[in-house]
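See structure below.
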Amino acid sequence: MERDLSIQIFISSLNLYKGGSLRTDCPVCEHFNTLSVTDFNDCIKYNCFYADCDVRGVMTKELSQDSFKLSSNKLPTTPVNFTSTLRRN
């Protein structure tokens, strides 16, 4: 439990921008460039890729108006036309 809190404090100190990701040294196993941290606007996911390290998890964040704006910008703006593959006689 104490380790989880220290990892969350470490990740909060990274000043990751919204929607961004980075690779850095893991604070637990201390291996070079093994910790991946990604901001998904409503949560931050982190994972250490070193085989013997079990650091991984999700930190939830408050939902804000900005997170909805960013997610709605990813929706397609052009209509999609579907055609049928069935033949009519």
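For clarity, every value in this text was computed on a predicted model and none was experimentally measured. The figures that follow rest on heavy atoms only: side chains count, while hydrogens, waters and symmetry mates do not.
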Please evaluate residues I44 and V37 with respect to the criterion side-chain contact (heavy atoms from CB on, under 4.5 Å), reporting the C-alpha separation (whole Å), side-chain torsions for both, the decisive distance (0.1 Å), and the verdict.
CA-CA 7 Å; I44 296 176; V37 183; 3.6 Å; yes

Taking only residues at least two apart or on different chains, which pairs with a member in residues 50-59 satisfy salt bridge (Lys or Arg N to Asp or Glu O under 4.0 Å)?
R3-D54

Report all side-chain donor-acceptor pairs from residues 7-15 shorter than 3.5 Å, counting only partners two or more places apart or in another chain.
{"from": "S12", "atom 1": "OG", "to": "Q8", "atom 2": "O", "distance (Å)": "2.9"}
{"from": "S13", "atom 1": "OG", "to": "F10", "atom 2": "O", "distance (Å)": "2.6"}

Starting from the C-alpha separation in whole Å, work towards a yes-or-no answer on side-chain contact (heavy atoms from CB on, under 4.5 Å) for C29 and C48.
CA-CA 9 Å; C29 69; C48 180; 3.7 Å; yes

For the pair R23 (side chain) and N33 (backbone), establish whether a donor and an acceptor sit closer than 3.5 Å, ignoring hydrogens and angles.
yes

Can you name the side-chain contact (heavy atoms from CB on, under 4.5 Å) partners of C43, sequence neighbours left out?
F40, K45, V58

Across all chains, not counting sequence neighbours, the salt bridge (Lys or Arg N to Asp or Glu O under 4.0 Å) partners of D25 are none

Same hydrophobic cluster for L35 and L22, using side-chain heavy-atom links shorter than 4.5 Å among ILVMFWY?
yes

Set of residues satisfying ring pair (Phe, Tyr, Trp, His ring centres under 6.0 Å) with respect to Y50, sequence neighbours excluded:
H31

Using a 4.5 Å cut-off on heavy atoms from C-beta on, say whether the side chain of N47 contacts that of V55.
no

